[in-house]
Amino acid sequence: MEGCVGLVGSAHNELPSGVLDVPLPLDKLSSQCGSQNCSRLNEQGTKIVVVSTGSFNPPTYMHLRMFELAKDALLSEGYDFLGGYMSPVNDSYGKQNLVLAEHRIEMCKVASSTSSFIMVDPWEARQPTYQRTLHVLDRVQDALNNTFTSEKVKVMLLCGADLLESFITPGVWIPEQVQAIFEIYGVICICRGGQDTRNVIFENDLLYNNKKNIKVVDEQIANDISSTKVSPHCDAWRKCSKYCVITQKTVEVHHSAIKALQNHGSSLLGPRANPCSKLYTICCCPHFESALT
Ligand SMILES: Nc1ncnc2c1ncn2[C@@H]1O[C@H](COP(=O)(O)OP(=O)(O)OP(=O)(O)O)[C@@H](O)[C@H]1O
Ligand SMILES: NC(=O)c1ccc[n+]([C@@H]2O[C@H](COP(=O)(O)O)[C@@H](O)[C@H]2O)c1
């Protein structure tokens, strides 16, 4: 399977050409069983690390909350939970108004500094090209395998329901890679926007056939916080962004990064000068029709 071997930190220490070595932070990984009753650890005693890929443009409280919901769900099922990573997408993804990777990494670091178990993995964002989510998961799993040599640590993809639904949108994902994500890693999906995610799974063959590899976690406190909605309000901490975006520092970084995009957009964006890059257009550009013309 493409991309599953020769990853950063692998035992053979050989990087595929063009892949930059960016170490995986490990400092916050530790058993989260302490605060919960983990007396009935599942039979394999599997330890889980979750990875959330996305734009984080900017990170919001919901991004952090996803990790908390995942942690609680996994601990309640008897898994041990070691921590999680935010993996900001590469600049080549080309989503409209996506500020530069270094700013998004910085914002995620500020946001995750408020958590005892959420970290930022800058590997994906710092590569010279776009990295598909399967490869991001492979790289984290590989780095963890090299660290936890005597324990079984399993990586899972953490996402919101919109990302799970994008799996079944034609042309967005490579079907074999989606199958590999389900079979090798599994997905923890946080319900979002009042949609009936279980019904979506029930009605789609691909999702239904993989339902044992999808953990659906309900968000009891329904809300519709999204980066796209928050972003235009990041010019002032006291306006709508307060309590949506994590800390004033995040708002400041995002505001200056957006200003830089607006002032120097074409030179910063390069091939992304169109409303959406070719890649993002194929994936999920809301301006799909106009971007084609
Ligand atoms: N309110 C939310 N509820 C559940 N999941 C969320 C929520 N906000 C973000 N996520 C999830 O976080 C991950 C990263 O999201 P991303 O950075 O694309 O932010 P976003 O808020 O979804 O942005 P946008 O609204 O611009 O698409 C995705 O899996 C997404 O589904
Ligand atoms: N084939 C793939 O691996 C694939 C396709 C579409 C989106 N994605 C990822 O999903 C995330 C989507 O982020 P947004 O919701 O911000 O567009 C990004 O991290 C992106 O890389 C991956």
Side-chain angles (χ1 to χ4, degrees), residues 2-3 50-70 73 84-99 101 104-105 107-108 111-112 118 120-121 123-125 127 129-139 156-182 185 187-195 197 216-234 241 244-246 250 254 276-277 279-288:
E2 190 198 355
V50 296
V51 177
S52 177
T53 57
S55 302
F56 303 108
N57 188 48
T60 69
Y61 273 107
M62 267 317 292
H63 291 127
L64 298 190
R65 185 163 162 75
M66 285 171 61
F67 287 88
E68 294 287 342
L69 292 166
Y85 295 97
M86 304 163 90
S87 179
V89 76
N90 192 275
D91 283 340
S92 313
Y93 187 48
K95 189 171 178 174
Q96 194 171 21
N97 290 330
L98 189 67
V99 305
R104 288 179 291 112
I105 292 169
M107 287 190 285
C108 287
S112 60
I118 306 173
V120 183
D121 179 12
W123 180 86
E124 176 183 1
Q127 295 308 310
T129 56
Y130 177 71
Q131 300 296 314
R132 290 193 180 273
T133 297
L134 176 62
H135 302 170
V136 176
L137 299 173
D138 289 340
R139 163 277 197 301
M156 294 186 78
L157 176 66
L158 170 62
C159 68
D162 57 314
L163 195 131
L164 182 79
E165 287 183 36
S166 78
F167 282 172
I168 54 176
T169 307
V172 176
W173 295 75
I174 297 170
E176 295 75 19
Q177 294 199 353
V178 172
Q179 194 58 42
I181 289 173
F182 281 134
Y185 298 108
V187 176
I188 306 184
C189 173
I190 311 296
C191 292
R192 185 175 189 182
Q195 276 166 310
T197 304
V216 177
V217 180
D218 290 310
E219 168 53 286
Q220 302 293 352
I221 307 161
N223 71 81
D224 198 20
I225 295 178
S226 106
S227 296
T228 299
K229 288 184 178 165
V230 163
S231 180
H233 302 288
C234 277
S241 54
C244 291
V245 176
I246 305 112
T250 315
H254 190 69
C276 296
S277 74
L279 174 74
Y280 185 70
T281 302
I282 293 167
C283 287
C284 27
C285 175
H287 311 287
F288 184 72

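Every number for a ligand or one of its atoms is a count from 1 in the order of the listing. Treat the numbers as computed from the prediction; the structure is a model and nothing was measured. Numbers for residues simply follow the sequence, beginning at 1.
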Exercise for the section: Identify the two heavy atoms, one from Cys159 and one from Leu164, that lie closest to each other, and give their separation to 0.1 Å. Expected result: SG-N, 4.0 Å
Practice task
Output the list of atoms in ligand 1 that are nearer than 4.0 Å to some heavy atom of Phe56, sorted by atom number.
Solution key: 17 (O)
Fill in the blank from the handout: shortest atom 12 (O) of ligand 1-to-protein heavy-atom contact is with Met66 SD, 3.1 Å
Practice task
List every atom of ligand 1 that sits less than 4.0 Å from any heavy atom of Thr53, numbering the atoms from 1 in the order shown and giving each element.
Solution key: 13 (C), 14 (C)
Handout entry: Nearest candidate to atom 28 (C) of ligand 1, where distance is taken over non-hydrogen atoms, out of Ala161, Gly160, Cys108
Key = Gly160
Completion exercise
His63 heavy atoms within 4.0 Å reach ligand 1 at atoms 9 (C), 12 (O), 14 (C), 15 (O), 16 (P), 17 (O), 19 (O), 21 (O)
Completion exercise
Note: ligand 1 atoms sitting under 4.0 Å from heavy atoms of Gly54 are 14 (C), 17 (O)
Handout entry: Ligand-side contact atoms (ligand 1) for residue partner Asp162, heavy atom cut-off under 4.0 Å
Key = 22 (O), 30 (C), 31 (O)
Practice task
Heavy-atom contacts with Arg132 under 4.0 Å: which atoms of ligand 2 show up? List them by number with element.
Solution key: 1 (N), 2 (C), 3 (O)
Fill in the blank from the handout: Ranked by distance from atom 25 (O) of ligand 1, the top protein heavy atom is Ser226 OG, 2.9 Å
Exercise for the section: For Cys159, take its heavy atoms, then give the atoms of ligand 1 lying under 4.0 Å from any of them. Expected result: 29 (O)
Exercise for the section: Check each atom of ligand 2 against the heavy atoms of Leu163 and keep those under 4.0 Å away; list them by number with element. Expected result: 10 (O), 11 (C), 12 (C)
Exercise for the section: Taking all heavy atoms of Asn90 and all of Arg104, pick out the closest pair and write down the distance. Expected result: C-NH2, 4.0 Å
Exercise for the section: Quick one: sort the Tyr130 and Tyr93 rings into parallel, tilted or perpendicular, breaks at 30° and 60°. Expected result: parallel
Exercise for the section: Looking only at distances, please establish whether an N/O atom of ligand 2 is found under 3.5 Å from an N/O atom of Trp173. Expected result: no
Problem - Close approach, Ser166 and ligand 2, non-hydrogen under 4.0 angstrom - result: no
Problem - Side-chain touch Asn97/Ser231, heavy atoms, less than 4.5 angstrom - result: no
Handout entry: Closest protein heavy atom (residue, atom, distance) for atom 1 (N) of ligand 1
Key = Ile225 O, 2.9 Å
Handout entry: Arg139 and Gln131, any side-chain heavy atoms less than 4.5 Å apart
Key = no
Problem - Check against side-chain hydrogen bond (donor to acceptor under 3.5 Å, both in side chains), Ser166 and Trp173 - result: CA-CA 8 Å; Ser166 78; Trp173 295 75; 2.8 Å; yes
Problem - Close N or O approach (Asp162, ligand 2; < 3.5 Å) - result: no
Exercise for the section: For atom 21 (O) of ligand 1, grab the closest protein heavy atom and report residue, atom and distance to one decimal in Å. Expected result: Ser227 N, 2.8 Å
Practice task
Kindly confirm or rule out an N or O of Gln177 lying under 3.5 angstrom from an N or O of ligand 2.
Solution key: no
Practice task
Would you name the heavy atoms of Ser52 and Phe67 that are closest together and state the gap between them?
Solution key: CB-CZ, 3.7 Å
Completion exercise
Nearest heavy-atom contact between His254 and Val99 is CE1-CG1, 4.0 Å
Exercise for the section: Return the option from Lys95, Arg65, Arg192 holding the heavy atom at the smallest distance from atom 8 (N) of ligand 1. Expected result: Arg192
Problem - Nearest candidate to atom 21 (O) of ligand 2, where distance is taken over non-hydrogen atoms, out of Tyr93, Tyr130, Phe167 - result: Tyr130
Practice task
Using heavy-atom distances, let me know which of Asn57, Thr133, Thr228, Leu98 sits nearest atom 9 (C) of ligand 2.
Solution key: Thr133
Handout entry: Within reach of ligand 2, part of Thr53 (heavy-atom separation under 4.0 Å)
Key = both
Problem - Shortest non-hydrogen separation from Glu219 to Leu69 and the atoms involved - result: OE2-CD1, 3.6 Å
Handout entry: For ligand 2, the portion of Asn90 having any non-hydrogen atom under 4.0 Å away
Key = neither
Handout entry: Option passing side-chain contact (heavy atoms from CB on, under 4.5 Å) with Met66 (candidates Ile118, Thr60, Leu158)
Key = Leu158
Practice task
With heavy atoms of Thr228 as the reference, note each atom of ligand 1 found under 4.0 Å away.
Solution key: 24 (P), 25 (O), 26 (O)
Handout entry: Main-chain N/O of Arg192 paired to Asp162 side chain as donor or acceptor, under 3.5 Å
Key = no
Problem - Considering all heavy atoms, the nearest Ser227-His63 contact - result: OG-CE1, 3.2 Å
Handout entry: Heavy-atom side-chain proximity of Leu157 to Leu163 below 4.5 angstrom
Key = yes
Exercise for the section: Could you check if a side-chain atom of Cys191 sits within less than 4.5 angstrom of a side-chain atom of Val216, using non-hydrogen atoms only? Expected result: yes
Handout entry: Protein residue, atom and distance nearest to atom 18 (O) of ligand 1, heavy-atom basis
Key = Ser55 N, 3.8 Å
